[in-house]
Amino acid sequence: MPDLRLVIFDVDGTLVDSQAEIFAAMTLAFQSEGLDVPARDTVLSIVGLSLDEAFAVLCSKTDKAQRDRLVKAYKGAFMQLRTENQEMGPLFPGAMDALDVLRAQDHTLLAVATGKSRRGLDKVLERHGLTGVFHSEQVADHHPSKPNPSMILTALNETGVAPGRSVMLGDTTFDMDMARGAGIKKIGVTWGYHAAETLRPDAMIDDFTALPGAVDELIGA
C-alpha cells in the first residue's frame, strides 16, 4: 500500500457556504449589546478565528466581559438559526463529490481543522451526512486560534501521516499561515471569504473538481 497521505479541510468558506448564518448570528449578537453591527465584509474577514479572537478584532474597544457576552450571544443565535432554517449553510458545489473521490482512496485520510466549536462542527457534519467521514476533527475548543499550527500538528499526530504527505485546503490567510507554520502544503480556494490574491498558497483551485488533481500534484499520488 502507498504511504498514507492526509487532506485537511477548513469548514466555513471552504466546504460550507455559511456566510448568511454567520452574518445573521453576528447581527443578533451585536444587537443584544446595543452595538453597531460591523459591515458584512468585516465580519467575513474574521471567519476562521476562534470566537474569542474574532470579537477581540471586531470589538477592540470593548472590555472582555462584554466580548464574553457577545461570544455567548453569538453561539446562541447561531444554534437558533440552524434549528429554524435547515437550508442555511449549504455545501459548496462539488464538495461532496470531491470528498467521495478522496475517501474512496485507501491511502488518503481526511481531516478537519476549523474555528468552529465541537458542537458547531457536529451539527454541520450531521446536517450534511458527513459524520464519520473525517479521521481527525480539530475544533476551536481544544486549540489556540488559527493561525497557530496546533490543529494541524495534532491531526498529523493522530493519523501518523508525515508533513510531506499532508495538505491543507482553506479559503483564508489564517488557514494558509497555519499550514505554513506546521510545515505542510496548502491549497487555496477562490470561492471563500478572503480575497484569493491574499492567500499565497502552493496551489489555487477554482472549483472542487480540481481538488484531487491538486492534491496529487502537491503531495504525490
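Everything numeric in this text was worked out from a predicted model, so none of it was measured.
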Hey, are S136 and E158 close enough side-chain-wise for a donor-acceptor pair under 3.5 Å?
yes
Near E33 CD, under 6.0 Å, is it more than 12 heavy atoms from other residues, nucleotides or ligands?
yes
Considering all heavy atoms of both residues, which atom of F23 and which atom of A39 are nearest to each other, and what is their separation?
CE1-C, 4.1 Å
Ring-plane angle category for H194 and F174, please: parallel below 30°, perpendicular beyond 60°, tilted otherwise.
perpendicular
Among I187, I184, D202, the one residue meeting side-chain contact (heavy atoms from CB on, under 4.5 Å) with M168:
I184
Could you see if V16 belongs to whatever hydrophobic cluster contains I205? Use Ile, Leu, Val, Met, Phe, Trp, Tyr and a side-chain cutoff under 4.5 Å.
yes
Could you tell me whether R165 and D3 make a salt bridge, using a distance below 4.0 angstrom between a side-chain N and a carboxylate O?
no
Where does the angle between the aromatic ring planes of F55 and F30 fall among parallel (under 30°), tilted (30 to 60°) and perpendicular (over 60°)?
tilted
Please find the pair of heavy atoms, one from P149 and one from G181, that lie closest to each other, and give the distance.
CB-C, 3.8 Å
Is any NZ, NE, NH1 or NH2 atom of the basic residue among R67 and D63 found under 4.0 Å from an Asp or Glu carboxylate oxygen of the other?
no
Check: F92 and V189 side chains under 4.5 Å, non-hydrogen atoms
no
Chi angles and distances behind the side chain to side chain contact (heavy atoms under 4.5 Å, CB included) call for L6, L4
CA-CA 7 Å; L6 180 65; L4 289 175; over 6 Å; no
Closest non-hydrogen contact found for I152 with A182 is CG2-CB, 3.4 Å
Is the closest basic N to carboxylate O distance between K116 and D12 below 4.0 Å?
yes
Could you walk me through whether V112 and I8 satisfy the side chain to side chain contact (heavy atoms under 4.5 Å, CB included) test, starting with their C-alpha distance in whole Å, then the side-chain angles of each, then the deciding distance to 0.1 Å, before giving a yes or no?
CA-CA 5 Å; V112 164; I8 307 171; over 6 Å; no
Any salt bridge between K146 and E53, counting N to O under 4.0 Å?
no
Which atoms form the tightest heavy-atom contact between L125 and E137, and what is the distance?
CD1-OE2, 3.4 Å
Residues H143 and S150: side-chain donor-acceptor under 3.5 angstrom:
yes
Among side-chain atoms of D41 and Y193, is any donor-acceptor pair under 3.5 angstrom?
no
Test side chain to side chain contact (heavy atoms under 4.5 Å, CB included) applied to Q19 and R40, step by step:
CA-CA 9 Å; Q19 61 175 301; R40 178 182 288 265; 3.5 Å; yes
I'd like to know if the side chain of S145 and the backbone of S50 have a donor-acceptor N/O pair within less than 3.5 Å.
yes
Chi angles and distances behind the side chain to side chain contact (heavy atoms under 4.5 Å, CB included) call for T114, Q138
CA-CA 6 Å; T114 177; Q138 305 306 320; over 6 Å; no
Side chains of T172 and D175, donor plus acceptor under 3.5 Å
yes
Tell me, yes or no, whether the heavy-atom count around D100 atom CG, taken from other residues, nucleotides or ligands under 6.0 Å, exceeds 12.
yes
D141 bridged to R119 by N-O distance under 4.0 Å
no
Between K72 and D68, is there a side-chain N and carboxylate O pair less than 4.0 Å apart?
no
How close do I219 and S166 get, counting heavy atoms only, and between which atoms?
CG2-O, 3.5 Å
Is it true that R180 and D177 make a salt bridge, defined as a side-chain N closer than 4.0 Å to a carboxylate O?
yes
